[in-house]
Amino acid sequence: MCLTGQIQRERERERERMEKENSNASAEVMRNKQVIYREKVQGSLKETHLEVRTSSERPNADKDSGAIMVKNLYLACDPYNLHLIKFSTQLGSTVSGYGVARVLESGHPNFKKGDLVLGLTRWEEYSLITAPETCFKIEHTDVPLSYYTGLLGMPGLTAYAGFFEVCSPKKGDTVFISAASGAVGQLVGQFAKLFGCYVVGSAGSKEKVDLLKNKFGFDDAFNYKEELDLDAALKRCLPEGIDIYFENVGGKMLDAVLLNMKPHGRITVCGMISQYNLEQHEGVHNLMHLIWKQVRMEGFAMFDYYHLYPKFLETVLPQIKEGKIAYMEDIAEGLENGPAALVGVFSGRSIGKQVVVVSRE
């Protein structure tokens with residue numbers, strides 16, 4: 001009888017403990033810190049356009065709903081975030097972007113509790129993803145999870161597809177990359193070097209130029225802010241001309257590059273960050289060189305190359321583990337520091353891939 005009473009008391013204590021844990025977990029989910037789009041962006045993105053708030057609304061992923069409820073771990077700061085803010089986010093709503101998250105509840109047959117996923121989420125602690133079929137399940141966890149916001153995420157696939165699929169490279173090509181120390185540019189340069197190309201990059205500080213040459217293995221690089229004549233800088237670094245230009249900047253840089261393209265060269269347009277914060281975009285004056293030199297200029301979007309993601313991982317993961325690819329992250333700890341980190345991407349403050357850590361679990 002005494003033993004039975006002891007077992008009953010232990011069961012009661014276990015029940016109380018579990019109820020307390022569930023209550024604490026529920027309370028944790030109820031507090032959901034979020035980054036809100038509070039003021040319309042006109043011109044440059046500023047921290048005042050965004051606001052950090054705490055919501056008590058709990059996202060749910062009911063069984064068979066097709067949605068997943070996730071705990072966000074790492075968020076990517078990309079130029080693409082500004083496009084989402086300006087054109088896809090209503091005032092008062094939570095900012096969106098790519099991130100790494102852990103599934104807490106699943107109403108989708110392809111995902112279960114505990115899975116790690118990469119995909120489009122929201123800038124908050126907990127999110128409901130209603131279209132999880134656009135997410136990738138993270139299978140390889142023997143590399144830092146934050147890499148999936150950059151090197152193994154959208155920037156990595158962008159660099160891989162943009163260079164190998166759109167640029168149509170040949171061994172020995174001369175390659176020029178603008179914004180070369182950024183999340184995409186640093187990878188394009190290293191892919192090009194591994195492929196057997198001569199690679200030159202531009203960046204906005206001496207520190208970044210040194211990184212390009214000493215860490216990322218570029219053959220040459222220059223600080224565009226110190227160059228009075230971009231045409232002369234390109235002729236100095238690439239005297240025989242450019243076979244491939246990986247475009248991340250636009251404006252005056254594109255105009256100077258057009259003067260230096262080789263016949264039948266290729267310009268792959270990934271982004272034009274110099275224009276994103278301008279109310280009136282700059283014109284390009286040397287487009288006739290596309291005709292005279294029979295240059296192909298082509299824009300692309302990473303979304304068209306989602307199907308290459310498995311092949312991309314198969315190629316890049318061994319190169320990371322063998323130390324063939326160098327990678328830099330600029331880490332901002334805490335969602336409350338997210339707005340400042342995102343603004344820094346457009347002012348050139350960040351070095352490497354800017355990541356916001358929401359939770360390290």
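What you see is a predicted model, and the numbers here were worked out from it, not measured in a lab.
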Quick one: does [X]'s side chain get under 4.5 Å of [Y]'s, heavy atoms only?
X: L317; Y: L152; value: yes
X: V345; Y: D78; value: no
X: Y327; Y: V143; value: no
X: F191; Y: I325; value: yes
X: F246; Y: V184; value: yes
X: V356; Y: V35; value: no
X: V95; Y: R122; value: no
X: F218; Y: I177; value: yes

Does a sphere of radius 6.0 Å around [atom1] in [X] hold more than 12 heavy atoms from other residues, nucleotides or ligands, not counting ones at 6.0 Å or beyond?
X: E133; atom1: CD; result: yes
X: K321; atom1: NZ; result: yes
X: K137; atom1: NZ; result: yes

Interatomic distance, [X] atom [atom1] to [Y] atom [atom2] [nearest 0.5 angstrom]:
X: E298; Y: I267; atom1: CD; atom2: CD1; answer: 11.5 Å
X: H49; Y: Y37; atom1: NE2; atom2: OH; answer: 7.0 Å
X: E105; Y: S65; atom1: CD; atom2: OG; answer: 9.0 Å
X: T315; Y: I320; atom1: OG1; atom2: CD1; answer: 11.0 Å
X: L128; Y: T121; atom1: CG; atom2: OG1; answer: 9.5 Å
X: E47; Y: L342; atom1: CD; atom2: CG; answer: 9.5 Å

Going by side chain to side chain contact (heavy atoms under 4.5 Å, CB included), name the residues that satisfy it together with [X], two or more places apart in sequence or in a different chain.
X: P144; answer: S146, Y147
X: F87; answer: H83
X: S181; answer: A203, K208, L212
X: L211; answer: K215, F216, M328, I351

So which pairs with a foot in residues 163-185 pass salt bridge (charged side-chain N to carboxylate O under 4.0 Å, His left out), sequence neighbours left out?
D173-R266
Side chain to side chain contact (heavy atoms under 4.5 Å, CB included) between L145 and L116, worked out:
CA-CA 9 Å; L145 283 178; L116 290 164; 3.8 Å; yes
Minimum-distance pair of heavy atoms, taken over all atoms of [X] and [Y]:
X: A67; Y: T130; value: CB-CA, 4.0 Å
X: L254; Y: E247; value: CB-OE2, 3.2 Å
X: N32; Y: E124; value: ND2-OE1, 3.5 Å
X: V52; Y: L335; value: CG2-O, 4.3 Å
X: T158; Y: C270; value: CG2-SG, 3.5 Å
X: T268; Y: G162; value: CG2-O, 3.8 Å

Contacts of Y309 that satisfy ring pair (Phe, Tyr, Trp, His ring centres under 6.0 Å) - sequence neighbours left out:
F136, F312
F176: which residues meet the ring pair (Phe, Tyr, Trp, His ring centres under 6.0 Å) condition with it, sequence neighbours left out?
F222, Y245
For [X], what are the other residues in its hydrophobic cluster, where any two members join if their side-chain heavy atoms are less than 4.5 angstrom apart?
X: V103; result: I68, V70, F111, V117, I129
X: V209; result: none
X: W292; result: M288, I291

Show me the pairs that pass side-chain hydrogen bond (donor to acceptor under 3.5 Å, both in side chains) and involve residues 182-207, at least two apart or across chains.
K193-D219, K206-D210
Checking side chain to side chain contact (heavy atoms under 4.5 Å, CB included) for the pair K353/T149: CA distance, chi angles, key distance, verdict?
CA-CA 8 Å; K353 174 61 187 180; T149 66; 4.1 Å; yes
Taking it one step at a time, do E39 and K46 satisfy salt bridge (Lys or Arg N to Asp or Glu O under 4.0 Å)?
CA-CA 10 Å; E39 182 182 323; K46 300 179 176 63; over 6 Å; no
Side chain to side chain contact (heavy atoms under 4.5 Å, CB included) for E336 and K33? Distances and angles first, verdict last.
CA-CA 8 Å; E336 63 277 7; K33 192 181 294 183; 3.3 Å; yes
Look at the side chain of [X] and the backbone N and O of [Y], then say whether any donor-acceptor pair between them is shorter than 3.5 Å.
X: D330; Y: V355; value: no
X: Q275; Y: E282; value: yes
X: R296; Y: H264; value: no

Can you get from [X] to [Y] by hopping between Ile, Leu, Val, Met, Phe, Trp and Tyr side chains that sit under 4.5 Å apart?
X: L259; Y: M253; value: no
X: M272; Y: M261; value: yes
X: L50; Y: I36; value: no

Salt bridge check: are D255 and K252 linked by an N-O gap of less than 4.0 Å?
no
Presence of salt bridge, R31 and E125, under 4.0 angstrom
no
Side-chain donor-acceptor pair present, D243, T174, cut-off under 3.5 Å
yes
Those residues that, when tested against R236, pass salt bridge (charged side-chain N to carboxylate O under 4.0 Å, His left out) (two or more places apart):
E227
Quick one: do R349 and Q354 satisfy side chain to side chain contact (heavy atoms under 4.5 Å, CB included)? Show the steps, please.
CA-CA 10 Å; R349 194 165 64 229; Q354 182 67 68; over 6 Å; no
